[in-house]
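Numbers here simply count residues along the sequence, with the first being 1.
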Amino acid sequence: MTTTAEVGTPRAHPDAGGKRPRPRPRPGRIRRIGLPYLLLLPALVLELLVHLVPMVIGIVMSFKELTQFYIRDWGTAPWSGFDNYRVSVDFDAPVGEALLHSFFVTVGFTLLSVGLCWLIGTAAAIFMQDTFRGRGLLRALFLVPYALPVYAAVITWVFMFQHDNGLVNHVLHDQLHLTDEPSFWLIGDNSFYALLTVSVWKGWPFAFLIVMAGLQNIPRELYEAAALDGAGMWQQIRRITLPSLGAVNQVLILVLFLWTFNDFNTPFVLFGRAAPEAADLISVHIYQASFVTWNFGTGSAMSVLLLLFLLAVTGVYLAVTSRGRRTSRAR
């Protein structure tokens, strides 16, 4: 009797030739593997069109002498090499000196805004961990500044900061008598504090939301055990809450830093096209260098320098925080 294996194609022995024959991938398996990439393709194409292509064009523009005379056809602008970068980093010249001043203003503003946003958001999130009547309503009210559109929120602050009939001067001067006369909040040195106030008011609910979500992953048993051992509220926050939120805070602070350092909408709506010197953030400064003086080549070079700075800060920050977390785990 002849079996099917005898009349069919002889199968190779597993040890024949020292190699086992590879099975051919089935068409259904190929479709299953390629389906996720196919679904991601539209997002990748849009990401390429929205972010990467303008970024490459901006880098090319930074090497050209692009002014208002070539705005119709920027490709015909003469090639200037690194001249735009030399002008931007020449801190003894007016352009470089103004850029350096704007950079220091932005650094100080960012550090204060991120620190206050994190502090207020973390304190509010820890306070909201306790159960009390009206907690859900209070959470919703805390998130209102984050949910409002930027233009609607900032334009409201513009009216509040008005010199003659603004709410801020009405409270500080007319009711509390903390100032001798109504202050100008949108010009002069006070513009920095006005910008900082709006930025913190608008940004701390995001920190509150992220920290509150991170607190949900901390087991309540840790706090109960710490309370039994006699640990007070501050010791629990220091020994349990903050170390457990290390990974969350690492991402939160980085995101807040990048958002705040690049913030353009808030100062532009608050002050208009010409921000005061005390509140001259680098994003508005680059806008003025490009669209007010019509020197798009220099503005593009400043944008590239800003991108390189943010990439360097992000890389150093991630390296330092990751090393610190590994060291704490080893201990």
Side-chain angles (χ1 to χ4, degrees), residues 98 101-128 132 134-135 137-209 211-212 252-253 256-257 259-285 287-288:
H101 168 77
S102 177
F103 173 76
F104 285 134
V105 170
T106 308
V107 170
F109 164 76
T110 302
L111 293 178
L112 288 174
S113 179
V114 171
L116 290 174
C117 286
W118 177 84
L119 181 62
I120 298 173
T122 302
I126 294 175
F127 172 72
M128 284 295 171
F132 56 90
R135 184 178 66 167
L137 177 61
L138 198 57
R139 282 180 176 179
L141 292 177
F142 281 174
L143 295 176
V144 167
Y146 180 68
L148 285 176
V150 176
Y151 183 84
V154 178
I155 202 66
T156 303
W157 279 98
V158 172
F159 288 109
M160 293 173 62
F161 281 128
Q162 292 298 319
H163 176 265
D164 297 325
N165 53 6
L167 179 62
V168 176
N169 280 335
H170 176 69
V171 173
L172 296 180
H173 177 69
D174 299 336
Q175 294 185 345
L176 300 180
H177 305 288
L178 296 178
T179 58
D180 297 333
E181 57 184 11
S183 303
F184 290 94
W185 292 101
L186 299 180
I187 59 176
D189 295 337
N190 288 335
S191 59
F192 179 85
Y193 302 105
L195 178 61
L196 181 63
T197 301
V198 178
S199 177
V200 173
W201 176 85
K202 186 171 59 69
W204 79 264
F206 175 75
F208 163 73
L209 183 65
V211 174
M212 187 173 59
L252 173 62
I253 292 176
L256 286 176
F257 174 83
W259 281 1
T260 307
F261 207 96
N262 283 318
D263 190 13
F264 173 81
N265 296 326
T266 302
F268 186 79
V269 177
L270 198 61
F271 304 115
R273 299 179 63 181
E277 186 177 0
D280 184 23
L281 298 188
I282 197 167
S283 57
V284 180
H285 187 85
Y287 168 82
Q288 293 174 346

Whether over 12 other heavy atoms sit under 6.0 Å from [X] [atom1]:
| X | atom1 | result |
| --- | --- | --- |
| D174 | CG | yes |
| F104 | CZ | no |
| E277 | CD | no |

For [Y], is there any backbone N or O sitting under 3.5 Å from a side-chain donor or acceptor partner on [X]?
| X | Y | value |
| --- | --- | --- |
| T110 | F257 | no |
| T122 | W118 | yes |
| D280 | A275 | no |
| S191 | G188 | yes |
| T106 | S102 | yes |
| T260 | L256 | yes |

How many angstroms lie between atom CG of L137 and atom CG of L141, to the nearest 0.5 angstrom?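 Here the interatomic distance stands at 4.5 Å.
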Would you compute the distance between atom CD1 of I282 and atom CZ of F264 and round it to the nearest 0.5 angstrom?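 That separation rounds to 13.5 Å.
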Any side-chain donor near an acceptor of the partner, Q175 and H170, under 3.5 Å: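 Yes, because at least one side-chain N or O of Q175 sits under 3.5 Å from a partner of the opposite role on H170.
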Relative to the ring of H163, is the ring of F184 parallel (under 30°), tilted (30 to 60°) or perpendicular (over 60°)?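 F184 and H163: parallel rings.
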Are the aromatic rings of Y193 and W185 close, with centres under 6.0 Å apart?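 Centroid separation for Y193 and W185: 6.0 Å or greater.
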Centroid separation F161 to F271 less than 6.0 Å: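 Ring-ring flag for F161/F271: false, centres at least 6.0 Å apart.
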Which atom of V154 lies closest to which atom of L270, heavy atoms considered: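 Distance-wise, the nearest heavy atoms are CG1-N, 3.8 Å.
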